[in-house]
**Student:** 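Have a look at the structure that comes next, please.
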Amino acid sequence: MLNGLDIEGNSPLHRMPVRGKLILLFTAAILLLLISDLRILVPALALTALLYLSTGIGLKEAFRRTRFVLFTVLLVALANYLFHSVHEALVVFCRLSALVLLAAAVTATTGISAFMDEITRLITPLERFGFVRAADVSLAVGLVIRFVPEIFARYGEIADAHRARGLRVRPLTMLVPLIILTLKDADTIAMAIDARGFRRH
Amino acid sequence: MTTRDIVLVALFAAIMVVLGLLPPITLGFIPVPITAQSLGPMLAGCILGARRGSAAMLLVLLLVAIGLPVLSGGRGGLAIFAGPTAGYIIGWVVGAFVCGLIAERLVREDQSELSQFISFLVASVIGGIGIVYLFGMPWLAYMSGKAFFETAAASLVFLPGDLIKAFVAMLAARAVLAGYPLLPQRA
Amino acid sequence: MDIVFSAATVAYGARTALQPLTLTLAERRIGVVGLNGSGKTTMARLINGLVKPTAGTVTVDGLDTVADEAAARGKTGFIFQNPQHQMILPILAEDIAFGLKNRKLTKADIAEKTDAILARFGISHLARRRVHELSGGETQLGAIASVLVTGPELLILDEPTNQLDLKNRALIERTIAALPEQVLVISHDLALIEGFDRVLVFHEGRLAADDTPSNAIAAYRKLAAC
């Protein structure tokens, strides 16, 4: 039910280490936000579009994934056109679209578990300050993926129960039992985790 | 955090993901469809409290970042954080925290129903709308280049819809408090 | 392995879930019966430290469940009433490997132990399956595998046949009978514990009978009738 957005492949971006990709994205973001010269921004947009397509994602899927964010970019560009100038609109459009496409390219070439491994490595130094435990974070991510299908099925059951009792399926009368029934499982699940000795205090 | 807190945070995040999988609800009188998912920061704060609520939102953002399509409409991935509206999403975390903080201070189990309703509404409006906009609007303005003022002002069209969400969150939070109180445990 | 209760008591505020219990268990197959709310689950949870005694002590192989919590817990495994709730990670093999994490094992060691336990219970073909899609019997076997992979000496099962059909009931009965580990089973399924070494009957928070299966079950029937 929950599949990652990564695409199988062997493009240069696929082969790049996760940390490298994140540094690349971060650096590109800062540069793009500092530059307002269309002579750089237009080629930058073309380059990121090519990079995104080089992941082997295919035009249709590439567009489907980014259309919502690109739509907001378009609105922002439109505002610049209406209230300022075509030039400003183009600057904003190229800058933000390039950023969105580069980010989408990183996502398309990075598997969930590789990304999680990198996150775990990045937060491990924070453990010393007592903020967070890397093992707890990956446990939480695993729990979400584990329980989403079950909660989704429960939503269906609650909807059926509504119909069986001749009630209309209303957002509020669905939301409340869904939340209560789900969170009530927390005690048993927590106990099961403790019983298996995963978190040593 | 105890193991139970971690599980509560994860289960709440999972509920948010499920709400994103469901079709959005359109209320007759406003044009923008309401996704139950965007109730997230208000519900998280009002139901789980400040720490666990903000942790649940942070977990959802982590799932988005690592490339799971968990936002409504199957959106996900780093592109979400690169867009001009990323500030609103980031605001979820702090919004849930503030919402939880207010709810923890104001809501008592032995209060009258009406005071609980009002407390949850105040928490949802300040945390779930005020704080979220406080993060969303400057970011949007910054990303908008020269038209920063106009886009920030335009984003206020969502305010009526968000006020309705605060109202729904208030009703849901109070019903959950009555059925399975978690907020008073102050974690 | 000896499990020793010394005046172990559990009270929640004014309500006493378990009256002071003094008892030594060393048998290989121990059954526990009792009506709902009789204290039998509380007693079982005391053994692996999920519930702490409010007075008295419980030791497992000489380890105190409060003072030596982690070490004592390592000696016992627990199967919950609804084993779906104890499957923590999405894929069965991942879930089994979960119990081995945080134990300073290499990835290869973890994989090897996981494969071995799957094979032991004849469920290697389920390794990559999603846990929420497993059938009742498969879930129960998977849960047992996920608990035994860490090598506890005692396995506690809370109503293991409760939600199963007749065929899976028989499968779990056979599986439990074949376990080399010490076993403590809480059950309303009297057929399951008939062949055990010792059966405890709990009633209203007290140990009401402690006998051979046939005598204990007779005492239980008498208690349940009134």
**Student:** Heavy-atom cut-off 4.5 Å, strictly under: side chain, backbone, both or neither for B/Tyr142 against chain A?
**Tutor:** side chain

**Student:** Looking at A/Ala103, A/Ser36, A/Ser85, which has the largest count of heavy-atom pairs under 4.5 Å with chain B?
**Tutor:** A/Ala103

**Student:** Is the Lys NZ or Arg CZ of B/Arg174 less than 6.0 Å from the centre of B/Phe120's six-membered ring, within 45° of the axis?
**Tutor:** no

**Student:** Evaluate whether atom CD1 of A/Ile30 has more than 12 neighbouring non-hydrogen atoms of other residues, nucleotides or ligands under 6.0 angstrom away.
**Tutor:**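 Buried by this count: over 12 neighbours within 6.0 Å.
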
**Student:** With only heavy atoms counted, which part of A/Val92 is less than 4.5 Å from chain B, the side chain, the backbone, both or neither?
**Tutor:** side chain

**Student:** Quick check on B/Leu140 against chain A: is it the side chain, the backbone, both or neither that has a heavy atom closer than 4.5 Å?
**Tutor:** side chain

**Student:** Under the criterion side-chain contact (heavy atoms from CB on, under 4.5 Å), I'd like the reasoning laid out for B/Phe12 against B/Leu8: C-alpha separation, chi angles, the key distance, then a yes or no.
**Tutor:** CA-CA 6 Å; B/Phe12 201 90; B/Leu8 281 170; over 6 Å; no

**Student:** More than 12 non-hydrogen atoms from neighbouring residues, nucleotides or ligands closer than 6.0 Å to CZ on A/Arg15, yes or no?
**Tutor:** yes

**Student:** Go through the atoms of A/Ile179 and report whether side chain, backbone, both or neither lie under 4.5 Å from a heavy atom of chain B.
**Tutor:**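 Both parts, backbone and side chain.
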
**Student:** Check step by step if side-chain contact (heavy atoms from CB on, under 4.5 Å) holds for B/Leu78 and A/Phe115.
**Tutor:** CA-CA 11 Å; B/Leu78 289 167; A/Phe115 212 137; 4.2 Å; yes

**Student:** For B/Leu59, which atoms come within 4.5 Å of any heavy atom of chain A: side chain, backbone, both, or neither?
**Tutor:**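 Contact with chain A is through the side chain of B/Leu59 alone.
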
**Student:** To the nearest 0.5 Å, how far apart are CG in A/Leu13 and CG in A/Leu24?
**Tutor:** 7.5 Å

**Student:** Would one find more than 12 heavy atoms of other residues, nucleotides or ligands at under 6.0 Å from atom OH of A/Tyr81?
**Tutor:**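 Atom OH in A/Tyr81 is not crowded, with 12 or fewer foreign heavy atoms closer than 6.0 Å.
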
**Student:** Where on A/Ala104 is there a heavy atom nearer than 4.5 Å to chain B: the side chain, the backbone, both, or neither?
**Tutor:**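 Both the backbone and the side chain of A/Ala104 come within 4.5 Å of chain B.
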
**Student:** I'd like to know if A/Arg121 and A/Glu118 make a salt bridge, using a cut-off of under 4.0 Å between side-chain N and carboxylate O.
**Tutor:**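 A salt bridge is present here (some side-chain N lies under 4.0 Å from a carboxylate O).
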
**Student:** Among A/Ile180, A/Leu175, A/Leu75, which has the most heavy-atom pairs under 4.5 Å with chain B?
**Tutor:** A/Ile180

**Student:** Determine whether more than 12 heavy atoms belonging to other residues, nucleotides or ligands lie under 6.0 Å from atom CZ of B/Phe81.
**Tutor:** yes

**Student:** Looking at chain A, which one of B/Leu22, B/Val70, B/Val17 has the largest number of heavy-atom pairs inside 4.5 Å, strictly under?
**Tutor:**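 Of the candidates given, the most pairs with chain A belong to B/Leu22.
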
**Student:** Let me know if A/Leu25 has heavy atoms under 4.5 Å from chain B in its side chain, its backbone, both or neither.
**Tutor:**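 For A/Leu25, side-chain heavy atoms alone lie under 4.5 Å from chain B.
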
**Student:** Given that the side chain runs from C-beta out, which part of B/Leu63 has a heavy atom under 4.5 Å from chain A: side chain, backbone, both or neither?
**Tutor:**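 Side chain only.
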
**Student:** When only pairs under 4.5 Å are counted, which of B/Gly77, B/Ala154, B/Ala86 shares the most heavy-atom pairs with chain A?
**Tutor:**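 The answer is B/Gly77.
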
**Student:** Which atoms of A/Ile119 come close to chain B, meaning under 4.5 Å heavy atom to heavy atom: side chain ones, backbone ones, both, or neither?
**Tutor:** side chain

**Student:** Could you tell me which portion of A/Leu22 (side chain, backbone, both or neither) has an atom closer than 4.5 angstrom to a non-hydrogen atom of chain B?
**Tutor:** side chain

**Student:** Relative to chain A, which of B/Ala175, B/Pro69, B/Ala13 shows the most heavy atom pairs under 4.5 Å?
**Tutor:**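 Top option by heavy-atom pairs under 4.5 Å: B/Pro69.
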
**Student:** Identify which of B/Gly83, B/Gly145, B/Ala55, B/Ser144 forms the greatest number of heavy-atom pairs closer than 4.5 Å to chain A.
**Tutor:**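 Looking at each of B/Gly83, B/Gly145, B/Ala55, B/Ser144 in turn, B/Ser144 comes out on top.
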
**Student:** Relative to chain B, which of A/Leu139, A/Val69, A/Thr66, A/Val137 shows the most heavy atom pairs under 4.5 Å?
**Tutor:**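 Top option by heavy-atom pairs under 4.5 Å: A/Val69.
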
**Student:** Checking side-chain polar atoms at under 3.5 Å, does B/Thr2 have a donor or acceptor matched by the opposite partner on B/Asp5?
**Tutor:** yes

**Student:** Heavy-atom distances under 4.5 Å only: say whether B/Val60 touches chain A with side chain, backbone, both or neither.
**Tutor:** neither

**Student:** Going by atom types alone, do B/Tyr88 and B/Ser155 pair a side-chain donor with an acceptor below 3.5 Å?
**Tutor:**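 Side-chain D/A pair, B/Tyr88 to B/Ser155: present.
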
**Student:** At a heavy-atom distance under 4.5 Å, which candidate from A/Asp187, A/Leu178, A/Asp136 has the highest pair count against chain B?
**Tutor:**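 Most heavy-atom pairs within the cutoff with chain B belong to A/Asp187.
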
**Student:** A quick test of your reading: do over 12 heavy atoms of other residues, nucleotides or ligands sit less than 6.0 Å from CZ of A/Phe83?
**Tutor:**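 Counting other residues, nucleotides and ligands, CZ of A/Phe83 exceeds 12 neighbours.
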
**Student:** Chain A heavy atoms under 4.5 Å from B/Leu62: which part of the residue, side chain, backbone, both or neither?
**Tutor:**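 Contact with chain A: side chain only.
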
**Student:** Heavy-atom distance under 4.5 Å to chain B: side chain of A/Ile145, backbone, both or neither?
**Tutor:**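 Just its side chain gets close to chain B.
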
**Student:** Between A/Thr110 and A/Asp6, is there a side-chain donor-acceptor contact under 3.5 Å, judged purely by atom types and distance?
**Tutor:** no

